[in-house]
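Throughout, numbering of the chain's residues begins at 1 and tracks the sequence.
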Amino acid sequence: TDGGRVGALGPPSPLPPPLSLKLGFPSAPLPRPSPAMAKNLPPEDPNVIAKIVDHLKNRGLFDEFRRDCLADVDTKPAYQNLRQRVDNFVSNHLANHEWNPTLNKNQLRNELRQRVCKSGMLESGVDRIISQVVDPKLYHIFKPQIEKAVHEFMATEMNEEAVPNPPQEPEKQELSSPASGNTSNALAPA
C-alpha cells in the first residue's frame, strides 16, 4: 500500500567487475613454478607474479587492505554521491510501475539491475571511489607493505634454493648397498 508504487523489493545488487580485475591482478590461479625455476624467470613472468600474489594473500595483506579501505568508503563523497544516484535511479524506475499482487518482483528486480549496470553510473562511481579511498593509501601504506612482503618472499626463495638436499642417512645407504654383504630380504615386503 505504497500509493500504487512498487517498493520494498530490496536493494538492487548490480556489481561492477571485481577490483582485482580493474587493478590488473590475475583472476584465476596460475600454475606455480618450483623455487629453483622462480629464480630463473624474469620478474614480469606471470608465474612469479602469481607466486608473489599468493604469498601476499597468505600473509593476509589483501584482507588487511580491504578492511582498511572499507572502513573509509562510506565517509567519502564519491560513495555518498554514487549511493544517492543509485537510490534516485531506483526510485524513478519503480515510480513508473504499478504494484499489483501478480507483479513478478524477480523480473522487475533483474530489469532494474540491468538498467543500473547499463547506465554506466556504477563504473564511473567506482572509479571515483577508488580515487578517493585507494589512491591516497597506495603509496604511503600499501606499497611499503607490499615491497616488504616481496623482499621477504624473495629472501625465502633464495634460502630454499641455497639449502642443498640433506645426504642420505647412513643406515639407509647400508641397507641399499650391495657391497655391504647384506643379502637378507628380512626388510622386503612379503
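Side-chain contact between Ile146 and Phe65 is present, with heavy atoms from C-beta onward closer than 4.5 Å. Looking at Phe62 and Arg67, their side chains never come closer than 4.5 Å, going by heavy atoms from C-beta outward. Contact check for Ile129 versus Val134: no side-chain heavy atoms found under the 4.5 Å cut-off. Inter-residue side-chain proximity for Cys69 and Lys76 is flagged as unmet; no heavy-atom pair is nearer than 4.5 Å. Phe153 places none of its side-chain heavy atoms less than 4.5 Å from the side chain of Leu56. By the 4.5 Å heavy-atom criterion applied to side chains, Asn100 and Leu103 are counted as neighbours.
Between His93 and His97, the angle of the ring planes lies from 30° to 60°, which puts this pair in the tilted group.
Distance CZ/Arg113 to CG/Asn106: 9.0 Å, rounded to 0.5 Å. Rounding to the nearest 0.5 Å gives a distance of 12.0 Å between CZ of Phe89 and CG of Leu82. Here the CD-CZ distance, from Glu123 to Arg128, works out to 11.0 Å after rounding to the nearest 0.5 Å. To the nearest 0.5 Å, the span separating CG on Asp127 from CG on Leu122 amounts to 10.5 Å.
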Worksheet item: Passes side chain to side chain contact (heavy atoms under 4.5 Å, CB included), Leu70 versus Val133? Steps please.
Response: CA-CA 8 Å; Leu70 288 175; Val133 175; over 6 Å; no
Worksheet item: Can Val86 and Met121 be said to form a side chain to side chain contact (heavy atoms under 4.5 Å, CB included), step by step?
Response: CA-CA 8 Å; Val86 170; Met121 77 174 86; 3.6 Å; yes
Practice prompt. Verify side chain to side chain contact (heavy atoms under 4.5 Å, CB included) between Lys51 and His55, making sure each step is shown before the conclusion.
Written response: CA-CA 6 Å; Lys51 277 190 83 166; His55 176 73; over 6 Å; no
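Under the rule for a side-chain hydrogen bond (donor to acceptor under 3.5 Å, both in side chains), Glu147 has no partner lying at least two apart in sequence or in another chain. Asn92 pairs by the side-chain contact (heavy atoms from CB on, under 4.5 Å) definition with nothing, not counting sequence neighbours.
In this structure, Arg59 does not pair ionically with Glu64, as no charged nitrogen and carboxylate oxygen lie closer than 4.0 Å. Arg66 has a carboxylate O that lies under 4.0 Å from a charged side-chain N of Asp63, or vice versa, which qualifies the two as a salt bridge.
The number of heavy-atom neighbours closer than 6.0 Å to NZ of Lys137, taken from other residues, nucleotides and ligands shown, is above 12.
Nearest heavy-atom pair, Pro144 versus Tyr139, reported as atom, atom and distance to 0.1 Å: CD-O, 3.3 Å. Between Ser131 and Pro136, the shortest heavy-atom contact is O-CD, 3.4 Å.
A donor-acceptor contact shorter than 3.5 Å links the side chain of Gln132 to the backbone of Ala78. Put simply, the side chain of Gln145 never gets that close to the backbone of Leu61: no donor and acceptor are under 3.5 Å apart.
Looking only at atom types and distance, the side chain of Gln84 has a donor-acceptor partner in the side chain of Asn88 under 3.5 Å away.
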